[in-house]
Amino acid sequence: MFARSSSRIFNVINISCIQSRSARAWVRKPLGSPMAKSKMFRIAPKKFIPADEKAEVKRLYDNYFHQMKSLRHYFFEQSLEQAESGEVAQMKHRLEEEEHIRLMEENRLENEKTAKLREEKLKIQAEKKRENILASLINKEEETRLYEIQIEAFLEKQKTTPFIQAENIEKAIEEALANPVDFNFAIDLDGYVYRGRETAIEKIPEEERERLRSN
């Protein structure tokens, strides 16, 4: 029994060893071989990972986790949509179509209501504008009538004003020379006015003197 098992181990060892022209090359350690004595009590040192590298590895892992979760959710939704291709999908489509028709009708009624309100508002604005224009025309006509009355009164006044005609111009010159008008005047400290360049103050009585009125 022992001889048979030892021969089997020897055969396994011989199979793991590949002969070459230069030297023997071991492919790998046989599966049934125990741990080497030189490595029996050796503890491998723990690798030190910097904090920034550890944070970057965690970030990459989190991104990968969330991306894979999103992909799984997307494929799940796609499978559900494909599964609704039967009677449930048809019913859903019919309900959506009915909702669309109802919303379109509601939108049409709202548009008609808005159009009526807009038309009424435009009518009111047009009526107000017409009234303003009419009032402006009436005021303009009244101003024109008053202006014409003033023009007529001015013309009548001008007609009554005596003008020097060509046939009596010599007579008017003689009257002007016979009755000269002196527009010069003087005022004393007491407020008395003495008209004329050659007026003698002593010859005018005090009660007949013209005095300026104080406000």
Side-chain angles (χ1 to χ4, degrees), residues 66 70 73-74 77-78 80-82 84-85 87-215:
H66 292 302
S70 300
H73 182 71
Y74 172 75
E77 292 291 336
Q78 291 293 324
L80 290 180
E81 290 180 1
Q82 293 177 1
E84 291 179 353
S85 58
E87 184 178 357
V88 176
Q90 295 179 1
M91 183 179 296
K92 183 178 179 180
H93 179 72
R94 185 172 65 255
L95 293 176
E96 290 178 354
E97 187 69 21
E98 292 177 356
E99 181 68 14
H100 177 70
I101 294 173
R102 185 185 66 80
L103 293 176
M104 290 295 292
E105 182 66 18
E106 184 177 352
N107 188 26
R108 185 183 64 80
L109 295 175
E110 187 66 24
N111 289 337
E112 291 180 355
K113 182 179 178 181
T114 305
K116 289 180 180 179
L117 293 175
R118 187 186 302 110
E119 186 177 358
E120 293 177 358
K121 183 178 180 180
L122 291 175
K123 287 181 179 179
I124 294 172
Q125 291 179 354
E127 184 66 22
K128 288 183 178 180
K129 188 175 182 180
R130 188 181 68 82
E131 292 177 357
N132 293 334
I133 293 174
L134 184 59
S136 178
L137 292 175
I138 293 173
N139 293 333
K140 187 67 176 178
E141 291 178 357
E142 185 66 20
E143 291 177 358
T144 304
R145 187 179 65 82
L146 294 175
Y147 181 72
E148 291 177 354
I149 292 173
Q150 292 176 359
I151 292 296
E152 291 178 359
F154 177 75
L155 293 176
E156 291 295 332
K157 184 178 180 181
Q158 292 296 320
K159 288 179 181 179
T160 57
T161 303
F163 288 96
I164 300 174
Q165 304 297 331
E167 56 272 11
N168 57 2
I169 188 171
E170 294 181 359
K171 182 180 179 180
I173 292 173
E174 291 177 357
E175 290 180 356
L177 292 175
N179 302 307
V181 179
D182 191 358
F183 293 98
N184 296 309
F185 64 92
I187 303 175
D188 61 4
L189 296 176
D190 295 329
Y192 291 101
V193 180
Y194 305 98
R195 299 186 182 278
R197 183 186 296 274
E198 299 178 357
T199 302
I201 299 175
E202 297 81 4
K203 296 181 180 181
I204 302 175
E206 188 175 353
E207 61 272 5
E208 294 181 2
R209 294 178 183 178
E210 182 182 357
R211 190 171 186 179
L212 293 177
R213 295 180 179 178
S214 58
N215 294 331

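In what follows, every heavy atom counts, from backbone to side chain, and hydrogens, waters and symmetry copies are set aside. Only a predicted model underlies this, so the values are computations on that prediction, with no experimental measurement involved.
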Asks: Between CZ of Arg118 and CG of Asn111, what distance do you get to the nearest 0.5 Å?
Replies: 8.5 Å
Asks: Within this structure, what is the CZ-CG distance for the pair Arg209 and Asp190, rounded to the nearest 0.5 Å?
Replies: 9.0 Å
Asks: Would you call Arg102 and Glu106 a salt bridge, taking side-chain N to carboxylate O under 4.0 Å as the test?
Replies: yes
Asks: So does Glu148 pair up with Arg145, basic N to acidic O under 4.0 Å?
Replies: no
Asks: Under a 4.0 Å threshold between the charged nitrogen and the carboxylate oxygen, would Glu120 count as salt-bridged to Lys123?
Replies: no
Asks: What's the verdict on salt bridge (Lys or Arg N to Asp or Glu O under 4.0 Å) for Lys128 and Glu131, showing C-alpha distance, side-chain angles and the deciding distance?
Replies: CA-CA 5 Å; Lys128 288 183 178 180; Glu131 292 177 357; over 6 Å; no
Asks: When you compare the side chain of Leu103 with that of Asn107, does any pair of heavy atoms fall below 4.5 Å?
Replies: no
Asks: If every non-hydrogen atom of Phe185 is compared with every non-hydrogen atom of Ile187, which pair is closest and at what distance?
Replies: CE1-CD1, 4.0 Å
Asks: Could you walk me through whether Ile138 and Glu142 satisfy the side-chain contact (heavy atoms from CB on, under 4.5 Å) test, starting with their C-alpha distance in whole Å, then the side-chain angles of each, then the deciding distance to 0.1 Å, before giving a yes or no?
Replies: CA-CA 6 Å; Ile138 293 173; Glu142 185 66 20; 5.6 Å; no
Asks: Just how far is it from atom CD of Glu98 to atom CD of Glu96, taken to the nearest 0.5 Å?
Replies: 11.0 Å
Asks: Is it true that Glu174 and Lys171 have a side-chain N and a carboxylate O under 4.0 angstrom from each other?
Replies: no
Asks: Mark yes when over 12 heavy atoms from residues, nucleotides or ligands other than Glu170 sit less than 6.0 Å from its CD; otherwise mark no.
Replies: no
Asks: What distance separates Glu127 CD from Asn132 CG, expressed to the nearest 0.5 Å?
Replies: 10.0 Å
Asks: Tell me whether the count of non-hydrogen atoms from other residues, nucleotides or ligands lying under 6.0 Å of CG in Leu155 goes above 12.
Replies: yes
Asks: Could you tell me the separation between the CD1 atom of Ile151 and the CD1 atom of Ile149, rounded to the nearest 0.5 Å?
Replies: 11.5 Å
Asks: Nearest 0.5 Å, please: how far is NZ in Lys113 from CD in Glu110?
Replies: 5.5 Å
